[in-house]
Each structure stands twice: as structure tokens, then as C-alpha cells.
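A short worksheet on the structure shown next.
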Amino acid sequence: MDTWKVLPLYMDNFSRLKDEHIVDVLKVGLKPRQKRVLATGKSISRAAQFAKDALAKDPYSMHCIVELAYRYAVDGELERCLNVMLRGWKRAGEIEEKHARFCFLMKLSELSFCVSKFRQALAVLNDIPEPDSQSQNKPYWILMCHVRSANNDVQGTLRAFQRAIEGADYQDALRVLALVIIDLKSLDIYELGKTAVEKLAAQDQATYDLNLLDRFAYKEPDEGFTADDAWQKYFVASVVVAVVAVLVYILHVLEKQSFQAIMK
């Protein structure tokens, strides 16, 4: 293996969010905060099996650890990915390629956060030097905001948010606010974040999106997570109504036939 695989991050390409509606940005920000069991299938892909066999032959190879973690990540085998990455956490310095090393540790912190291992997620983040490139800044500080908030660190969360919007225009800052709104609200610092974003808005910029975030922030805690559930409940209710209507019709037909038989 001549090159290091770069693990995909949930906030890989922040710039794409500029074209997304603010509601869709909110949904992106909610994903890593939703408690979930990381997926583990019964079988793995051929590429992952090949990487697994290579690691079995050379269990101390950092190249093999990264390769297998990458294969699991792209296959959606996130629990297996996390377990493999933990083997290489304290050896991440052996990854010579700077960006690959950054993504390895970020992915490890991200997955730790997803399984509610918040202290572990923070410990991993603390092993990552503050990035000096624009492409790494947003993913790093947004994840830092998630993790610091989960660890009830008010000052750390606020600092991470301020760094995430540093040098950003209003539209970018608004999307950062949408991504971390739950983190800020949980520590009662949403208004501070909102004020910082408002200062970046020009006089002629619409405030509709910011007002929408306001409405979301001050709903009951569980309401922010029920947008998709509402559609599911609507679909189920529609199916139930349709089934009941069919049953009523069948009963009506049977009753009519029975009545006709009696009359004969």
C-alpha cells in the first residue's frame, strides 16, 4: 500500500450546504446527535474481507488498520469501523500524510460521539492539532462544538462555535448555527450564537431563515426530531384508513348478499 486511505467525514464538504434549504441543513446537523446503534451487517464486502485478511496477516500494520477502517466506513459497517480504528488511535502519528491522519482521528471522534462515548470523542479531538486549512476548519470546529456541548463545556462550546464562523459570511455562519443549534440550546447559549450570526447580516438580507431557526430552537425538546416521524405517522394512518375502508366495503357487500339470499 503506497498511499493512505482518507476516511469520509459527515461534514466532508461544508460548501455544498450553501445551496441547501436551511431545513435540510438542520437535518444534517441532527444526524450525529441522534442516538443510534452503529450498523453491523452479517457479511462484509469482498474489499473489506481482503483488507481484514491483510490485517490478520500483519496485525501491527497501521496501513492495514487504516485500509480496513476505510473499507468498513464506505460499506456503512460503522461499529466494525470504530472497533478497528480504536486499535490505531494512539498510533495515528504513524500516518505520514497529514490530511489522512486528520480524517482518521476525526472519524474516530465522530463515531465515538455517535455511540455516546463523549469523553472518548473529546480525548480523540484533543489529539488533533488545530487545523490550518480552510477545508479542515469547518469540520473540526463543528464537531468540536458537538463534543464540547455533550461534555457540558459551555466555554469550550462557545469558543468552538466562534471559531467555526470565524471569517465566514452571513450565509455560511447561518448554516453553522443550524448545524449546532441543539448544542447551543442545550447549554442555554443559543442567543449568543444567534447574535454573533446576526452581526454578519447585511441590511437587505432576509431574516426568514434566522426566524425559522428561532422557532425550531424554542420548540419543545423532542419536537425538533419529529419532522420525519410525522411523515411516517401520516403514511401509516393513511394505510390504516385505506384498509378500514376496504374492510367496510367487503362487509357491506357480504351483508347485501346475505340479505338478498334471505329475501329469496
Are the side chain of R91 and the backbone N or O of Y60 linked by a donor-acceptor pair below 3.5 Å?
yes
Shortest non-hydrogen contact from S112 toward Q120
OG-NE2, 2.8 Å
May I ask you to check whether D183 and T157 show a side-chain donor-acceptor distance below 3.5 Å?
no
Assess whether atom CZ of R215 is packed by more than 12 heavy atoms of other residues, nucleotides or ligands within 6.0 Å.
yes
First locate atom CZ of R163, then atom CD of E130, and finally report the distance between them rounded to the nearest 0.5 Å.
4.5 Å
Will you find, in the side chains of Q171 and R175, an N or O donor that is under 3.5 Å from an N or O acceptor?
yes
Write down the atom of V147, the atom of F118, and the distance for their closest heavy-atom approach.
CG1-O, 4.0 Å
What's the spacing between L213 CG and I22 CD1 if we round to 0.5 Å?
5.0 Å
Pairs involving residues 132-143, ordered by first then second residue, that meet salt bridge (charged side-chain N to carboxylate O under 4.0 Å, His left out) (sequence neighbours left out)
K98-D132
Side chains of E94 and H63: is there a donor and an acceptor less than 3.5 Å apart?
no
Would you say E110's side chain and Y10's backbone share a donor-acceptor pair under 3.5 angstrom?
yes
Any side-chain to backbone donor/acceptor pair from S186 onto I182? Under 3.5 Å, distance only.
yes
Working to the nearest 0.5 angstrom, can you tell me the gap between L108 CG and C81 SG?
8.5 Å
Any salt bridge (charged side-chain N to carboxylate O under 4.0 Å, His left out) pairs touching residues 140-154, not counting sequence neighbours?
R148-D153
Whether the D214 and Y190 side chains hold a donor-acceptor pair (N or O, under 3.5 Å, no angle test) is what I'd like checked.
yes
Do any N or O atoms from the side chain of K52 and from the backbone of L68 form a donor-acceptor pair under 3.5 angstrom?
no
The residue among L111, I128, V124 that forms side-chain contact (heavy atoms from CB on, under 4.5 Å) with M106 is I128
Backbone N or O of I95 within a donor-acceptor pair of the R101 side chain at under 3.5 Å?
yes
When rounded to the nearest 0.5 angstrom, what is the spacing between CG in L177 and CG in D209?
11.0 Å
Sequence neighbours left out, what passes salt bridge (charged side-chain N to carboxylate O under 4.0 Å, His left out) with D127? Give chain and number order.
K90
Given 3.5 Å as the limit, does a donor-acceptor pair link the side chain of E77 with the main chain of R80, or not?
no
Contact summary for N137 and P131, nearest pair of heavy atoms:
OD1-O, 3.5 Å
